Amino acid sequence: MKVLLVNGSPHTAGSTYTALHEMEQIFQANGIETELLQIGKQDIRGCVACNACSKLGKCAFSDLVNEAAPKFEEADGLVVGSPVYYASANATLIAFLDRLFYSTHFDKTMKVGAAVVSARRGGLSASFDELNKYFTIAGMPVASSHYWNSIHGNNASEAAQDLEGLQVMRTLARNMTFLMKSIQLGKETFGLPEKEPRVSTNFIR
Ligand SMILES: Cc1cc2nc3c(=O)[nH]c(=O)nc-3n(C[C@H](O)[C@H](O)[C@H](O)COP(=O)(O)O)c2cc1C
């Protein structure tokens, strides 16, 4: 089994990374393969709504998004980590996720998602909610911990002092592991849920 982790922060060894790394260690101890994508310093443009992806099956802009897509397709779980910028997930990560989720058409049903956020002080739960929306529009169950998945710190050494935040990450990784393994068993036993042809209405009438 494999988990893809995405760090939206430009600080490749910062506070968000500290939280993600705490999870990586638990995944690896439980036999789950991990891959960490550091996207925070990359030039990732936003979606321009050209809809070329509906024909191409991938984004018209060839960058990290198209490189990440097959890794996401292969993975059983996706963890996205973000520093909080103005009470939101950071813009680079949002550009990446908008295009990744919009341009890929493989079935994401029952891949497990988890969002992790890091801040000096405020805006954590707003950013956490924002990130969970990618999973919950894609048929992806969301793994949870014993608190909302946040860590406090302006840098790695401050985050390392947030013992509760680190414990939340370890619990999250254990719960996510359990969920992924249970879903694998469920798929073998029952198969994926039946899918209806998609109804798409642009107006509520
Ligand atoms: C542009 C910008 C906006 C920020 N906005 C917030 C904020 O709204 N709330 C907050 O607590 N910290 C804010 N911060 C601080 C970061 O969220 C915090 O330092 C974070 O833990 C850094 O994570 P990193 O080390 O992974 O980059 C902001 C930082 C930057 C650069």
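Order of listing sets the numbers, starting from 1, for every ligand and every atom in it. Below, all heavy atoms of this structure are taken into account, side chains as well, without hydrogens, waters or symmetry copies. Keep in mind it's a predicted model, so treat the numbers as computed, not measured.
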Between [X] and ligand 1, does any nitrogen or oxygen pair lie at a separation below 3.5 Å?
{"X": "G123", "answer": "no"}
{"X": "P10", "answer": "no"}
{"X": "N154", "answer": "yes"}
{"X": "A87", "answer": "yes"}
{"X": "G14", "answer": "no"}
{"X": "H11", "answer": "yes"}

Looking at [X] and [Y], would you say the former's side chain and the latter's main chain have a donor-acceptor pair under 3.5 Å?
{"X": "Q38", "Y": "T12", "answer": "yes"}
{"X": "N149", "Y": "A115", "answer": "yes"}
{"X": "S82", "Y": "N90", "answer": "yes"}

Shortest protein heavy-atom distance from [atom], along with the residue and atom involved:
{"atom": "atom 25 (O) of ligand 1", "answer": "S15 N, 2.8 Å"}
{"atom": "atom 26 (O) of ligand 1", "answer": "T16 OG1, 2.6 Å"}
{"atom": "atom 2 (C) of ligand 1", "answer": "Y85 CD1, 3.5 Å"}
{"atom": "atom 5 (N) of ligand 1", "answer": "Y86 N, 3.0 Å"}
{"atom": "atom 22 (C) of ligand 1", "answer": "P83 CB, 3.9 Å"}
{"atom": "atom 11 (O) of ligand 1", "answer": "R121 N, 2.6 Å"}
{"atom": "atom 9 (N) of ligand 1", "answer": "G122 O, 2.8 Å"}
{"atom": "atom 6 (C) of ligand 1", "answer": "V84 O, 3.1 Å"}

- Electrostatic pair R99-D63, nearest N-O below 4.0 angstrom: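 Result for this pair is yes, salt bridge flagged.
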Between D76 and K181, does any side-chain N to carboxylate O distance fall below 4.0 Å? no
Quiz prompt | G153: numbered ligand 1 atoms lying under 4.0 Å from its heavy atoms | solution =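 Those of ligand 1 that fall under 4.0 Å from G153 are 18 (C), 19 (O), 20 (C), 21 (O).
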Ligand 1 atoms nearer than 4.0 angstrom to some heavy atom of S118 are 17 (O), 20 (C), 21 (O), 23 (O)
So CD of E24 and CD of E35: to nearest 0.5 Å the spacing works out to 10.0 Å
Membership question, hydrophobic clusters at under 4.5 Å side-chain separation (ILVMFWY): are V3 and F178 in the same one? no
Exercise. Under 6.0 Å between ring centres, would you say that holds for F72 and F101?
Worked result: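 Yes, ring centres under 6.0 Å apart.
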*Do the side chains of L172 and I26 get nearer than 4.5 Å, heavy atoms only?*
no
Item to check | Among K111, M110, K2, M1, side-chain contact (heavy atoms from CB on, under 4.5 Å) partner for M180 | outcome: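 Option passing the side-chain contact (heavy atoms from CB on, under 4.5 Å) with M180: M1.
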